[in-house]
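So the structure is just underneath, and the comments pick up after that.
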Amino acid sequence: MWQAEALIDLDAVAQNVTYLRGLSAADIMAVVKADGYGHGAVPVARAALAGGATWLGVTSLDEAYALRDAGIREPVLAWSVSPGTPTADAVRREIDLSVGGTTQLSEVVAGAREAGRPARVHLRVDLDDVGARRGSPGGPDPAVADGSPDGWSDLVVAAAKAQADGTVDIVGAWGDLDCGATPGHPDVDRRLAAFRDALTGAERAGLRPRLRHVASSAGLLTRPDTHFDLVRAGIGCYGYSPVAEPSTRAGLRPAMTLRARVLLVKRVSAGQGVSYGLTYTTSRPATLAVVPVGYADGVPRGASGIGPLLLGGARRTVAGRVCMDQFVVDVGDDPVAEGDMAVLFGPGSQGEPTADDWASVLSTTSYEIVSRIGPRVRRRHVGAAAVPTAGVAG
Ligand SMILES: *Cc1c(COP(=O)(O)O)cnc(C)c1O
């Protein structure tokens with residue numbers, strides 16, 4: 001008998017990807033870092049591929065290896081590989097690597113020599129500081145040959161040489177637009193212009209990266225001019241939009257439902273302090289329900305007194321402190337019983353809050369709400385895209 005579970009609707013993931021793919025001529029890379037934003041990287045990756053994604057994106061090599069270990073053969077890009085990390089296995093296992101500088105390029109070349117085959121590389125354009133420079137009065141710094149970032153021309157020359165030597169295949173060139181919640185921000189235009197300059201620089205060095213990519217979900221949903229050949233979509237695959245504009249949510253369905261069974265109910269008199277710290281006091285005789293998920297499970301302690309949930313057919317609010325393992329809800333005189341289901345968030349179709357609702361009361365993002373669900377909460381994957389996992393009963 002489980003107490004708390006994150007129900008993951010893999011059909012929603014597949015349909016979200018299909019919807020996102022329809023927004024662009026570009027290919028879709030489903031970003032499954034951080035255990036698929038808390039949804040389970042491997043099942044989500046399979047569902048995203050079924051929905052039409054042709055690439056998978058992760059940060060670390062360990063995340064990439066987990067996909068390969070599960071038998072996933074599609075292209076995988078890992079973009080946050082720490083300096084000094086051995087890369088020969090990544091080359092052998094056909095994991096595409098992001099390279100942002102000449103030192104890192106030498107390490108990847110060493111890995112390729114050890115593996116005895118070329119490394120597949122996406123050159124990373126650092127768009128973080130060009131925005132400010134290009135936006136400075138008088139335009140780009142005249143000391144810089146073009147609008148591309150420092151170090152880029154050295155990198156493309158070294159990469160062209162390594163490609164000629166047969167140690168690397170320069171598959172892609174990419175950067176981060178950081179559109180975030182403000183896709184119309186002028187910084188996005190400056191970054192985009194800097195990326196185009198960088199592509200011109202790469203071409204001058206003799207490189208023609210087949211896959212140019214800068215957009216994440218925000219760019220995909222709001223800025224067609226950022227799509228290029230490939231779009232790295234994370235949060236959109238999980239059914240949330242990073243952009244405030246409500247129309248960007250229309251085609252998306254949240255995939256995760258977080259729910260827990262009421263552990264205990266008790267009837268108390270007026271004036272009863274509730275939970276650690278007694279920050280909440282009943283104003284009348286009331287029924288209190290204890291919900292067995294807490295901050296160790298990813299229910300933020302900041303949700304004390306404000307976190308929304310659906311319980312006993314009505315929207316309610318966390319009463320008092322969120323503890324490590326549980327929180328309390330005051331259900332008044334409603335007939336809530338032990339074992340009843342408390343739904344913290346889900347797609348919103350049954351009256352339950354969404355992760356966006358949690359994000360708005362906590363001044364955070366849906367990304368943080370879904371990705372922090374802890375390991376004690378069992379993940380259950382449902383939908384046609386779900387493959388039964390040994391040891392986990394459906
Ligand atoms: C996480 C990440 C993404 C996905 O971003 P979303 O906003 O979730 O679509 C794309 N690119 C990079 C480099 C990332 O780290």
Side-chain angles (χ1 to χ4, degrees), residues 12-13 16-17 19-21 23-24 26-39 41 44-45 47-48 51-64 67 75-82 95-100 104 121-128 149 171-183 185 188 191-192 195 198 211-224 226-245 248-249 251-256 355-356 359 364-372:
V13 173
N16 290 332
V17 171
Y19 167 74
L20 293 169
R21 198 176 57 140
L23 298 179
S24 176
D27 286 337
I28 302 289
M29 173 186 288
V31 178
V32 298
K33 65 188 179 188
D35 197 26
Y37 289 38
H39 295 64
V44 158
T54 50
W55 278 80
L56 298 169
V58 294
T59 53
S60 71
L61 288 184
D62 284 343
E63 290 179 317
L67 298 173
V76 175
L77 171 64
W79 57 70
S80 293
V81 179
S82 306
I95 290 158
D96 288 42
L97 297 165
S98 165
V99 166
Q104 198 180 10
V121 165
H122 298 230
L123 296 176
R124 178 172 188 273
V125 189
D126 183 355
L127 298 175
D128 281 341
V171 175
W174 74 285
D176 227 324
L177 278 188
D178 196 22
C179 304
T182 51
H185 196 281
V188 176
R191 285 169 178 253
L192 198 52
F195 184 66
L211 294 172
R212 301 158 300 168
H213 50 107
V214 288
S216 55
S217 298
L220 174 56
L221 289 162
T222 62
R223 294 275 309 240
T226 66
H227 294 179
F228 291 92
D229 308 302
L230 181 67
V231 168
R232 305 183 306 269
I235 198 73
C237 301
Y238 306 102
Y240 287 95
S241 168
V243 186
E245 180 56 54
T248 61
R249 294 188 167 59
L252 299 171
R253 185 150 57 99
M256 183 190 287
D356 275 336
T364 180
T365 60
S366 56
Y367 299 72
E368 186 176 7
I369 298 299
V370 296
S371 68
R372 291 187 68 177

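Starting from 1, each residue takes its place in the sequence as its number. Just so it is clear, the values below take in all heavy atoms, side chains as well, and ignore hydrogens, waters and symmetry mates. Atoms within a ligand are numbered from 1 in the order they appear, just like the ligands themselves.
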For atom 11 (N) of ligand 1, the protein heavy atom that lies nearest, with its residue and separation: Arg232 NE, 2.8 Å
Test item: Leu220 and Ser24 side chains (from C-beta on) under 4.5 Å apart, heavy atoms: yes
Distance in Å, Ile235 CD1 paired with Leu221 CG, rounded so as to fall on 0.5 Å steps: 11.0 Å
Per-atom contacts of ligand 1 with Tyr37, taking only distances under 4.0 Å to non-hydrogen atoms: 1 (C), 4 (C), 5 (O), 6 (P), 8 (O)
Atom 9 (O) of ligand 1 - nearest protein heavy atom and its distance: Ser217 OG, 2.5 Å
Atoms of ligand 1 close to Ile235 [distance to a heavy atom under 4.0 angstrom, numbered from 1]: 6 (P), 8 (O), 9 (O)
N/O separation below 3.5 Å, Gly234 to ligand 1: yes
Side-chain donor or acceptor of Arg191 paired with backbone N/O of Asp176 under 3.5 Å: yes
Sidechain-backbone polar pair: Tyr238 side chain, His39 backbone, donor-acceptor under 3.5 Å: no
Atom 12 (C) of ligand 1: the protein heavy-atom neighbour that sits closest, reported with distance to 0.1 Å: Trp79 CZ2, 3.5 Å
Spacing of OG1 belonging to Thr226 relative to CZ belonging to Phe195, to within rounding of 0.5 Å: 10.5 Å
Location of contacts on Thr59 toward ligand 1, heavy atoms closer than 4.0 Å: neither
Parallel, tilted or perpendicular: ring planes of His213 versus Trp174, cut at 30 and 60 degrees: parallel
Atoms of ligand 1 close to Asp176 [distance to a heavy atom under 4.0 angstrom, numbered from 1]: 13 (C)
Nearest-0.5 Å distance that lies between atom CD1 in Ile369 and atom CE in Met256: 10.5 Å
For atom 5 (O) of ligand 1, the protein heavy atom that lies nearest, with its residue and separation: Ser216 CB, 3.4 Å
Backbone or side-chain N or O of Trp174 under 3.5 Å from ligand 1 N or O: no
Protein contact of atom 15 (O) of ligand 1 - nearest heavy atom, named by residue and atom, plus distance: Lys33 NZ, 2.7 Å
Side chain to side chain, Asp356 and Arg249, heavy atoms closer than 4.5 Å: yes
Taking atom 7 (O) of ligand 1 as the reference point, the nearest protein heavy atom with its distance: Tyr367 OH, 2.6 Å
Nearest-0.5 Å distance, CG of residue Leu56 to CD of residue Glu63: 11.5 Å
Tyr238 and ligand 1 - part of the residue with a heavy-atom distance under 4.0 Å: neither
